[in-house]
Amino acid sequence: MATVKRIKLGSQGLEVSAQGLGCMGMSAFYGPPKPDQDMIALIYHAVNAGVTFLDTSDVYGPHTNEILLGKALKGGMREKVELATKFGISLVDGKREIKGDPAYVRAACEASLKRLDIDCIDLYYQHRIDTRLPIEVTMGELKKLVEEGKIKYIGLSEASASTIRRAHAVHPVTAVQLEWSLWSRDVEKEIIPTCRELGIGIVAYSPLGRGFFSSGPKLAENLSNEDFRKYLPRFQAENLVQNKNIFERVCEMAARKQCTTSQLALAWVHHQGNDVCPIPGTTKIENLKQNIGALSVKLTPEEMAELEAVASADAVKGDRYASMVGTWENSDTPPLSSWNA
Ligand code: ATR
């Protein structure tokens, strides 16, 4: 199997595998939870193959994905991985609330440490930005958690350029996590340049378009009611009529390159630079192996341009989410001067 190179994320010393493993689908959002034993075997396989950067969140389950990782990290595994988790989406009895106040941040961190059964989280992201309070207030508490040794590095997920800049002024941000793939490229306008200017690493989630670049439109035919992709605009029949053309063109290119469509889509993300780490999600060892193989797919500038033309913004039909509340497009927070809590 190909070796997985290591890259630096951000400017504070974090080093991770150049491809990570998104663990969400093991426990939530993509259909029923998968058996613990199988997922632990998959995580072992990933780590032994060099995919050591594991991504979870307290909201996946909620909580069950962190508990699963806690089990997987037993027996000397903890030292072999870079563990990223997230706080900020509270899901109680199905009611979703974005929370970033200091008391919540601290309680969330302590609860994650307990579930993961570890002393320190390597990378702790704010999963969604609480726009009711200045980002500086949330960052102030995260800074304290770093000082206390409960977390090593700070990350932000789905944050706008201005939120990233303001947060970074309070304490260096090590990584920003965003949806970035062939069919989600808006982040390239402002957010990616801001991260690069500030020396912040970029973590690309859903790099396979939530499986669209692996299975194409047929993915939408068999989704269970528990699979949230069933409700995403891009997977609706009226949009798939157009989106399927993108997949077909990617298939043609993959055949020419003698790789799979998943590998081509992932290779496109890998070619964005050594400061970018895609974290494809999978629940299958075979797919994990294939995704690692994407690191060996080389693309010329002409091939990159061809792929980008195939999946241009005009070609993609449908928003990323059914509701854009909480996404980076809506993540600016009030000025610190307005805060008197
Ligand atoms: P996310 O980050 O939200 O998990 P993603 O990485 O873009 O999204 O895509 C994840 C989806 O792609 C999953 O449904 C996964 O299915 P499996 O759990 O069955 O693997 C699918 N997927 C990932 N790698 C794949 C591969 N190499 N071939 C086919 N499907 C793959």
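Just so you know, these numbers use all the heavy atoms, side chains as well, and skip hydrogens, waters and symmetry mates. Read the numbers this way: they start at 1 and go in the same order the structure lists the ligands and their atoms. It should be emphasised that the depicted structure is a prediction, and the values quoted were computed from it without experimental measurement.
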Salt-bridge test for [X] and [Y]: reply yes if a basic N is under 4.0 Å from a carboxylate O, no otherwise.
X: Lys99; Y: Asp130; value: no
X: Lys317; Y: Glu238; value: no
X: Glu97; Y: Arg132; value: yes
X: Asp117; Y: Arg78; value: no
X: Arg256; Y: Glu303; value: no
X: Glu188; Y: Arg185; value: yes
X: Lys144; Y: Glu141; value: yes
X: Glu110; Y: Lys150; value: yes
X: Glu158; Y: Lys86; value: no

Who's the nearest protein heavy-atom neighbour of [atom], and how far?
atom: atom 3 (O) of ligand 1; value: Tyr30 OH, 2.5 Å
atom: atom 19 (O) of ligand 1; value: Lys284 NZ, 2.4 Å
atom: atom 20 (O) of ligand 1; value: Thr282 OG1, 2.5 Å
atom: atom 27 (N) of ligand 1; value: Asn291 OD1, 2.9 Å
atom: atom 29 (C) of ligand 1; value: Ser214 CB, 3.4 Å

Open item on the list: Quick test of your reading of the structure: of Ser215, Ser206, Gly293, whose heavy atom lies closest to atom 8 (O) of ligand 1?
Closed with: Ser206

Task: Option set Gly281, Gly211, Ser262, Ala294, criterion heavy-atom distance to atom 23 (C) of ligand 1, minimum - done: Gly281

Open item on the list: So which atom in Trp328 and which in Ser160 form the shortest heavy-atom distance, rounded to 0.1 Å?
Closed with: O-CB, 3.5 Å

- [ ] Of all the heavy-atom pairs spanning Gly100 and Gln126, show the shortest one and how long it is.
- [x] CA-NE2, 4.1 Å

- [ ] Classify the side-chain pair Ser206/Glu179 by whether it contains a donor and acceptor separated by less than 3.5 Å.
- [x] no

Applying a 4.0 Å heavy-atom criterion (strictly less than), which segment of [X] is in contact with ligand 1: side chain, backbone, both, or neither?
X: Glu179; result: neither
X: Ser181; result: neither
X: Phe213; result: neither
X: Leu219; result: neither

Measuring from the heavy atoms of [X], does anything fall under 4.0 Å of ligand 1?
X: Gly25; answer: no
X: Gly209; answer: yes
X: Arg229; answer: yes

Task: atom 16 (O) of ligand 1 protein-contacted, heavy-atom criterion under 4.0 angstrom - done: no

Open item on the list: Would Gln290 count as a polar contact of ligand 1, with the cut-off being nitrogen or oxygen pairs under 3.5 Å?
Closed with: yes

Open item on the list: Using a plain distance cutoff, I'd like to know if Met24 has any nitrogen or oxygen under 3.5 Å from a nitrogen or oxygen of ligand 1.
Closed with: no

Open item on the list: Using a 4.0 Å cut-off to any heavy atom of Thr283, which atoms of ligand 1 qualify?
Closed with: 17 (P), 18 (O), 19 (O), 20 (O)

Open item on the list: If the cut-off is 4.0 Å to any non-hydrogen atom of Pro207, which atoms of ligand 1 fall inside it?
Closed with: 6 (O), 7 (O)

